[in-house]
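The structure appears below as structure tokens.
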Amino acid sequence: MSYLDNILFAILLVIGFGYFFNNIQKIYRNIHLGIDVDRKDNPSARWKNMAKIALGQSKMVRRPVAGILHIIVYLGFVIINIELLEIIIDGLFGTHRIFAFLGTTYNVLIASFEILAVLVILAVVIFWIRRNGIRLKRFWNPEMKGYPKKDANYILYFEVVLMSLFLLMNASDLHLQNVPNGFSHFIKAGWFPVSQFIEPLFNGMPNQTVLILTETFWWLHITGILVFMNYLYFSKHLHILLAFPNTYFADLNPLGQLDNLEAVTKEVKMMMDPNVDPFAAAPAPADVPSKFGASDVQDLNWVQLLNAYTCTECGRCTSSCPANQTGKKLSPRKIMMDTRDRLEEVGKNIDANKGIFVPDNKTLLNDYITAEELWACTSCNACVEECPVNISPLSIIMDMRRYLVMEQSAAPQPLNAMMTNIENNGAPWQYNQQDRLNWKNEN
Amino acid sequence: MSENLIVPTMAEMLAQGKQPEVLFWVGCAGSFDDRAKKITKAFVRILNRANVSFAVLGTEESCTGDPAKRAGNEFLFQMQAMMNIEVLNAYEAKKIVTACPHCFNTLKNEYPELGGHYEVVHHTAFLKSLLDAGRLTIEGGQFKGKRITFHDPCYLGRANKIYEAPRDLIQKLEVELVEMKRSKANGLCCGAGGAQMFKDAEPGNKEVNVLRTEDALEVQPDIIAAGCPFCNTMMTDGVKNKEKEASVKVMDIAELIANAQDL
Ligand code: SF4
Ligand code: SF4
């Protein structure tokens, strides 16, 4: 290759990675619009979670078909990207298969990449059929209309194209390696269990044409990878990166344990302390949060926002949700998608207004998520249990209920009655606390 | 059956200078709901039979605050929690047993941060420990050979990973334990949690308890076993809805064990 090629390639890399890191920064900024929550405790349990769930895909195989296919695509993706290192070095320095000196190791590596590439193509075809052909219910929920559905398919097409380019690149390369007496810098390197069958395609073509084709496949392949990487930001496929931090920072407490709002604890303690002078000055404003519960993304904590960016829209949560299964409007997946959409909207608002958020008369509550959805939740934790990347839609639902009840007194009437009963009688029903032991003497 | 339940209160125990082995937290349903009261009594009969020294708070007990918290009323929850913790700490309670998974979860997981540190056990785990220690024997009696399926309460199972204790107890009854298509971590909610018990369901095309009852009826059980007073109510209603109440009973594990021995 000429120097021009190498320079062009360097520019392509800078643009590709530059845009990518720019977007990563944006995600980081947006996630930190959320309030702080401490997830630094118990690092060993956290690393273990990440190793098991993100790296080891342990929760994926709860649904074996999707699980195994996913592992193939995941392995294929990770392993074939080792090849990326060679591509980058070759591209920058005009070398050819720089790692060929590894000998047999290299050959085995290339061979396994090829086999994986075929498996990935196969898996992707099955995925496509599951999504579009046999119409699994969870891929056809209302929140999956429009972009989310296209997004999922785009990624599948992307994978097929990238894998095909990889194989075509190898096949044409192999063809040039086999030119009698050698051709240019195409040394013999690599085993090609799959692309050797594609190679005959190039028989009869002039070597120069095959060379141009090889370079074209090579450029398309690397450009494709860079485009794919930058597409992640706009897609549910961000999970291939965020699944790792997301499983690391996930809640380690038992699923049934909801957090106790600290600000409330302070106030309740004061109310119950007989030594506190009721006429004393109100607590310093710094101690009182601006609101209880959450009505918008800034009221959620950063882990909940990280959850929203990590959601893969797989819908396992929704398909196991008792409310959703019985036709209620609640869909935990939609809760996560709405949170991400709103967070993106808030982020764009900040970008457009030189770093500050200008109120837009919209909130996550009402404009995205309705009270009806929130009140349908039984807090059963099926969604949390099912999520392959440890997302908790329930925690967002609970924080929004808290806002409805503590800030707006907007609970459904029967719940208000229940709460009044607890307040007055110490039981959710209208019985007298003095009758608590009556059962002992009843027959 | 002549009712001669021995149910001391913590106050009575204290007056005699005694501390019971375990405090039995009865819960609102167990205290007031007609169906759940039967579970409470069955459990007490077993405790009496096994000579377990226990006491209840009686009129000093109050709602744990679980439904308030899950409805979103953190204030009311924490007020309830602090009042209960004051009472429990005054009696220096160490170990608490309860037949309600909601009370169990709240006392066990949410009270410690607010100053309430106790060893909290669900009645199925407690009965299992009595069995293991040889303080209780379980036999099949009238249930011998019956088909029983167990519905995992969300707040016992998924929320706190207790799946085996109730099953171990059921198996001791010399019955055939059959599993529904979704059980344990995959179990389906009965529809009562998260304060749903106290309000109408949002519009949909079915009630959750009916769907869950269909799961249970699919395995053609004689008895649907439950470990939660709310699940019990929901499944009982579900069975009625399907007009199966003549052939399928819904019973708490404590009732199964007590009835097997004609307690
Ligand atoms: S916790 Fe709520 S949202 Fe999640 S599965 Fe249960 S009912 Fe659905
Ligand atoms: S929250 Fe989890 S289970 Fe639900 S759609 Fe997102 S990734 Fe899937």
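All values below come from the heavy atoms of this structure, side chains included, with hydrogens, waters and symmetry mates left out. Below, chain A is the first sequence line, B the second, and so on; all start at residue 1.
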Subject >> Interface moiety of B:Gln196 toward chain A, non-hydrogen atoms closer than 4.5 Å >> reply: side chain
Original post:
Most heavy-atom pairs under 4.5 angstrom with chain B, which of A:Asn260, A:Val405, A:Asn425?
Top reply: A:Asn260
Subject >> A:Glu262 atom CD: more than 12 heavy-atom contacts under 6.0 Å >> reply: no
Original post:
Which region of A:Pro322, side chain (C-beta onward) or backbone (N, CA, C, O), has a non-hydrogen atom less than 4.5 Å from a non-hydrogen atom of chain B, or is it both or neither?
Top reply: both
Subject >> Largest heavy-atom contact set with chain A, pairs under 4.5 Å, which of B:Lys37, B:Glu113, B:Arg70 >> reply: B:Arg70
Original post:
Once the angle between the rings of B:His102 and B:Tyr155 is folded into 0 to 90°, is it parallel (under 30°), tilted (30 to 60°) or perpendicular (over 60°)?
Top reply: tilted
Subject >> Toward chain A, the part of B:Arg182 with a non-hydrogen atom under 4.5 Å >> reply: side chain
Subject >> Under 4.5 Å from any heavy atom of chain A - which part of B:Glu61 >> reply: both
Original post:
Hey, does B:Met10 have a side-chain heavy atom less than 4.5 Å from the side chain of B:Pro20?
Top reply: yes
Original post:
Taking the inter-plane angle between the rings of A:Trp429 and B:Phe230 on a 0 to 90° scale, is it parallel (under 30°), tilted (30 to 60°) or perpendicular (over 60°)?
Top reply: parallel
Original post:
About how many Å separate CD1 of A:Ile68 and CZ of A:Arg63, when rounded to the nearest 0.5 Å?
Top reply: 14.5 Å
Original post:
For A:Ala411, is it the side chain, the backbone, both or neither that has a heavy atom under 4.5 Å from a heavy atom of chain B?
Top reply: neither
Subject >> B:Glu202 and A:Lys328 ion-paired at < 4.0 Å >> reply: no
Original post:
Checking heavy atoms, do the side chain of A:Glu373, its backbone, both or neither come under 4.5 Å from chain B?
Top reply: neither
Subject >> Among the listed options A:Leu415, A:Asn438, A:Asn324, the residue most often paired with chain B at heavy-atom distances under 4.5 Å >> reply: A:Leu415
Original post:
Given a strict heavy-atom distance threshold of 4.5 Å, which part of A:Asn421 is in contact with chain B: side chain, backbone, both, or neither?
Top reply: neither
Subject >> Heavy-atom pairs under 4.5 Å with chain B, option from A:Leu258, A:Leu437, A:Ile422 with the top count >> reply: A:Leu258
**OP:** With a 4.5 Å cut-off on heavy-atom pairs, point out which of A:Leu374, A:Asp435, A:Thr265, A:Thr326 contacts chain B the most.
**Re:** A:Thr326
Original post:
Using non-hydrogen atoms only, which part of B:Ala29 is less than 4.5 Å away from chain A: side chain, backbone, both, or neither?
Top reply: both
Original post:
A:Glu385 and salt bridge (charged side-chain N to carboxylate O under 4.0 Å, His left out): which partner among B:Arg158, B:Lys161, B:Lys184?
Top reply: B:Lys161
**OP:** Tell me, out of A:Glu372, A:Lys329, A:Gln413, who's got the most heavy-atom pairs with chain B below 4.5 Å.
**Re:** A:Glu372
**OP:** Begin from the C-alpha positions of B:Asn186 and A:Arg62 and carry the test side chain to side chain donor-acceptor pair (under 3.5 Å) through to its verdict.
**Re:** CA-CA 10 Å; B:Asn186 296 321; A:Arg62 292 177 56 141; 2.5 Å; yes
Original post:
Less than 4.5 Å apart, any side-chain heavy atom of B:Phe43 and any of B:Phe24?
Top reply: yes
Subject >> Residue among B:Lys199, B:Met79, B:Glu74 with most heavy-atom pairs under 4.5 Å to chain A >> reply: B:Glu74
Subject >> Structural part of B:Glu86 lying under 4.5 Å from a heavy atom of chain A >> reply: side chain
Original post:
Are B:Trp25 and B:Phe104 near enough that their ring centres are under 6.0 Å apart?
Top reply: no
Original post:
What residue in B:Pro153, B:Ala201, B:Pro67 has the most heavy-atom pairs under 4.5 Å with chain A?
Top reply: B:Pro67
Original post:
Quick one: of B:Gly194, B:Gly30, B:Gly65, who has the most non-hydrogen atom pairs under 4.5 Å with chain A?
Top reply: B:Gly194
Original post:
Which one of B:Leu211, B:Val26, B:Leu57, B:Asn105 has the most heavy-atom pairs closer than 4.5 Å to chain A?
Top reply: B:Asn105
Subject >> A:Leu404 portion near chain B, given a 4.5 angstrom heavy-atom threshold >> reply: neither
Subject >> N-O pairing of B:Asp66 and B:Lys69 below 4.0 Å >> reply: no
Original post:
Just wondering, are more than 12 heavy atoms of other shown residues or ligands nearer than 6.0 Å to CG in A:Asn432?
Top reply: yes
Subject >> Proximity breakdown for A:Asn441 and chain B, heavy-atom pairs closer than 4.5 Å >> reply: neither
**OP:** Go through B:Ala68, B:Cys154, B:Ser62, B:Cys190 and name the one with the most non-hydrogen pairs under 4.5 angstrom from chain A.
**Re:** B:Ser62
Original post:
Contact part of B:Thr106 toward chain A, heavy-atom cut-off under 4.5 Å: side chain, backbone, both or neither?
Top reply: neither
Subject >> Which atoms of B:Val56 approach chain A - backbone, side chain, both or neither, heavy atom under 4.5 Å >> reply: side chain
Original post:
Does the side chain of A:Asn49 reach to within under 4.5 Å of the side chain of A:Leu252, using non-hydrogen atoms?
Top reply: yes
**OP:** Mind checking the CG-CD1 spacing from A:Leu394 to A:Ile396? Nearest 0.5 Å is all I need.
**Re:** 10.0 Å
Original post:
Would B:Glu214 and B:Lys206 satisfy salt bridge (charged side-chain N to carboxylate O under 4.0 Å, His left out), going step by step from the backbone distance to the final call?
Top reply: CA-CA 11 Å; B:Glu214 286 168 1; B:Lys206 195 181 256 182; 2.9 Å; yes
Original post:
So which part of A:Met419 gets closer than 4.5 Å to some heavy atom of chain B, the side chain, the backbone, both or neither?
Top reply: both
